[in-house]
2 protein chains.
Amino acid sequence: MKSVTVYDIAKEANVSVATVSRVLNNTAPVKKETRDRINELINKYQFQPNALARSLTKKETGMIGIILPDITNPFFPEVLSGFDQEARKQGYTYFLCDTVSANGDSADQYIRESQYLNALTEKQVDGIVMLGGRIDLAKPGRELAEEVVEIGKRLPLLLINGRLPGSILNRVAVDERLGAELATRHLIELGHRDIAIVGGYRHMSNTLQRTSAFTKTMEQHGIPVRKEWILHEGFSVASGTDFINRLLSLPQRPTAIFCLNDLVAIGALKAAAKAGLKVPEDISIVGYDDIPFASNSIPELTTVSLRANELGRTAAEILHKMITKDKVAKTTLLKPELVVRESTATPAGKR
Amino acid sequence: MKSVTVYDIAKEANVSVATVSRVLNNTAPVKKETRDRINELINKYQFQPNALARSLTKKETGMIGIILPDITNPFFPEVLSGFDQEARKQGYTYFLCDTVSANGDSADQYIRESQYLNALTEKQVDGIVMLGGRIDLAKPGRELAEEVVEIGKRLPLLLINGRLPGSILNRVAVDERLGAELATRHLIELGHRDIAIVGGYRHMSNTLQRTSAFTKTMEQHGIPVRKEWILHEGFSVASGTDFINRLLSLPQRPTAIFCLNDLVAIGALKAAAKAGLKVPEDISIVGYDDIPFASNSIPELTTVSLRANELGRTAAEILHKMITKDKVAKTTLLKPELVVRESTATPAGKR
DNA sequence: ATGAAAGCGCTAACAT
DNA sequence: ATGTTAGCGCTTTCAT
């Protein structure tokens, strides 16, 4: 099926392709009469200009790419949704690049990131947003970092909630330390002193930052932090139940648990229920992220909201500015918010 | 920043662009010596062929589009994830087109669908997958349907879990009637006779089909269906709690509730808890979709699995076949599965 | 095995 | 206000 081109339209309208292009893009005045004639033909043939050809000459595609770890993790659809809103508003259409690897191997994930980075630049996207993966590493390998930085030099590249040490890449992020501080202080103010912190990965900078802020906040209140109540290595529901089971088997049990994401908190909720513990009466649980389900669990989860939607929206906004060469701050820091719901309360001993 | 092209490579290698193209695409034998020389240059300059230019001549882009209603609804990320897996395997990169409208107005959604349909064809995608929106309508308007059908004539277009009456469009779907039958029979076999069915929208074909299958199954077992226990108009958590509250205020209460999606079921779970009812002891609840959270609620939700991941994967497979002009069945029907967890049990009266 | 040149469909000077 | 033409960067006959 041969598709119709500007030439076909031009010929039938007895004008040159330039004129057709002019009415298409409204880029120069065209006599109403001929414009009408052309528009009629466009309608008649349902003519759609070939965006590839257009982009080839204009050197802009209106396409952007977003690389993220796993759309199946409920945090990301929220971010993506905000991103989508704003990107759409600016007229972009975007490639979704999910880097999840079937076997959970993170080396695979980084390879995938590289592949997508490549595919996206070949496709001449106007900009790229990255989220998770290597940019969340506490110390990413030199090559891993360099590759991204290199691409960041050739086109607008924005990191969400991550960084590449020493690089000049733009980023937008939610203040990790503040988030952890909010959660910790909430627990302390409720009267807790025996607080565990679980979830995350020791090799990820977010985990490190949050844990460090947690420790600092505890110390500021003169509360000791127990090593055996710090359990990392996991961001899943399953690891959440595992963490709590380990905690419960300890001679000394905490009265509150700060989970480094909501998935872990949900796992904790489940495990607590199975163990016959009531939340928050017997134990308080606070999550992190405020995924949609956090407000639908029983009890509803007290958590730290990363305002994911806004984060995504902001990212798209900034990327757009970068593309249009507007000035943007190198780092945009969003403030997280504590959302107090039902899973936290004053510890039993203090009521 | 001027980017390097085949010409630059060709010149420096003392060959013609044709030769460079040959080694790039491995499309004709090239003397090892010159091939090496070219590859070296490619490496040296980190040369990346411009995919736009390539696509312009090859008339294939390796890009596809997926149009869906709302990535924030946890069912869709599951589908998308399966789709992603397979699409990636086939070397496609895809545009995500989310048609959610801020104000929840479905007219807006259809407009958005049209816009994306247009944008995607202009961008010369190799194929399109549609999900939700107008294709879920029991009777879509003529224009709405025609537009899609028209596009389906020009390029591979596949519908997931939907249809356009009388059209010749390919589709892959999960058997709606079977799903509803599975859920209903499960409840009946448990001993329930007082069963309500809630959720969905009367103008959507899935709601109609499921409700009809529910009714039929009930009748086959000689169980009357009560009109006041059929509550449509909502797929959200909030509508779920609303449905159940209405049900509980009735003089006659059902002993089991079949919710047309998991979100509604979760709302029902919440409302039941607030009303002091124990699930499943006091009332049984079954959902539909098997979203990830269904296995994380307390109690865990008995539900009908649409095998979303597989659905997405299958869609990508079929679309690929359509693109490569392989033969494909017009309709591919997947079988849903009942997943029995904790939210259903024998009714109190029969224990 | 390699080169020359046409063409993919459009936009953007530059003319008129 | 409109036409001519030269690209954009690549692939692909057709020659050699």
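In what follows, chains carry the letters A, B, and so on, assigned in the order in which the sequence lines appear, proteins first and then strands, with residues in each chain numbered from 1.
The pair Glu12(B)-Lys44(B) meets the salt-bridge criterion, with a side-chain N (NZ, NE, NH1 or NH2) lying under 4.0 Å from an Asp/Glu carboxylate O. With respect to the salt-bridge test (charged N to carboxylate O, under 4.0 angstrom), the residues Arg54(B) and Glu122(A) do not qualify. A salt bridge is absent between Glu40(B) and Arg37(B); no separation between the charged side-chain nitrogens and carboxylate oxygens falls under 4.0 Å.
Rounded to whole angstrom, the span from the CD1 atom of Ile38(B) across to the P atom of dC10(D) amounts to 13 Å. Following rounding to the nearest Å, Asp36(B) (CG) and dA1(C) (C1') show an atom-to-atom distance of 15 Å. Atom C1' of nucleotide dG9(C) and atom NZ of Lys123(B) are separated by 16 Å, given to the nearest angstrom. Lys11(A) has its NZ atom 14 Å from the P atom of dT4(D), to the nearest Å. Rounded to whole Å, atom C1' of dC8(C) lies 17 Å from atom CD of Gln48(A). Rounding to whole angstrom units, CG of residue Asp8(B) and C1' of dC10(D) are separated by 13 Å. We find that OH of Tyr45(B) is positioned 16 Å from P of dG9(D), with the value rounded to whole Å. For the pair Gln124(A) CD and dC10(D) P, the computed distance is 8 Å after rounding to whole Å.
The side chain of Arg54(A) lies closest to dT11(C), out of dT11(D), dT2(C), dT11(C). Candidate nucleotides dC10(C), dT12(D), dG9(D) were compared by shortest atom distance to the side chain of Ala53(A), and dC10(C) ranks first. Listed nucleotides: dC10(D), dG3(C), dT2(C). Nearest to the side chain of Val15(B): dG3(C). Across dT4(D), dC8(C), dC10(C), the shortest atom-to-atom separation from the side chain of Thr57(B) is found for dC8(C). Nearest nucleotide to the side chain of Val17(A), out of dT11(D), dC8(D), dT5(D): dT5(D). For Asn50(B), whose side chain is taken as the heavy atoms from C-beta onward, the closest listed nucleotide among dG9(D), dT2(D), dG9(C) is dG9(D). Relative to the side chain of Leu24(A), the nucleotides dT11(C), dG3(C), dT4(D) differ in distance, and dT11(C) lies closest. Of the candidates dC8(C), dG3(D), dC10(C), the closest approach to any side-chain atom of Thr19(A) belongs to dG3(D).
When each of Phe47(B) and Arg22(B) is assigned the nucleotide of DNA chain D bearing its nearest heavy atom, the one mapping closer to the 5' terminus is Phe47(B). Nearer the 5' end of DNA chain C, as judged by each residue's closest nucleotide, is the contact made by Tyr7(B), out of Tyr7(B) and Leu56(A). Both Ser21(A) and Ala18(B) sit near DNA chain C, but only Ala18(B) has its closest nucleotide nearer the 5' end.
Of the side-chain N and O atoms in Lys59(B), none sit less than 4.0 angstrom from OP1 or OP2 of dT11(D). OP1 or OP2 of dT11(D) has at least one side-chain nitrogen or oxygen of Asn25(B) nearer than 4.0 Å. Taking side-chain N and O atoms only, Ser16(B) has a distance below 4.0 Å to OP1 or OP2 of dG3(C).
Within a 6.0 Å sphere centred on NZ of Lys325(A), heavy atoms belonging to other residues, nucleotides or ligands number 12 at most.
Residue Asn14(A) is in sugar-phosphate contact alone, with no base atom involved, counting any heavy-atom pair closer than 4.0 Å across all strands shown. At a threshold of 4.0 angstrom between heavy atoms, the contacts of Thr34(B) are confined to the sugar-phosphate backbone, with no base atom among them.
With Ile67(B) as reference, Leu117(B) is the one residue of Val129(B), Leu117(B), Ile135(B), Leu131(B) to meet the side-chain contact (heavy atoms from CB on, under 4.5 Å) rule.
For an aromatic pair to be called close, the ring centres must be under 6.0 Å apart, and Tyr94(A) with Phe95(B) fails this.
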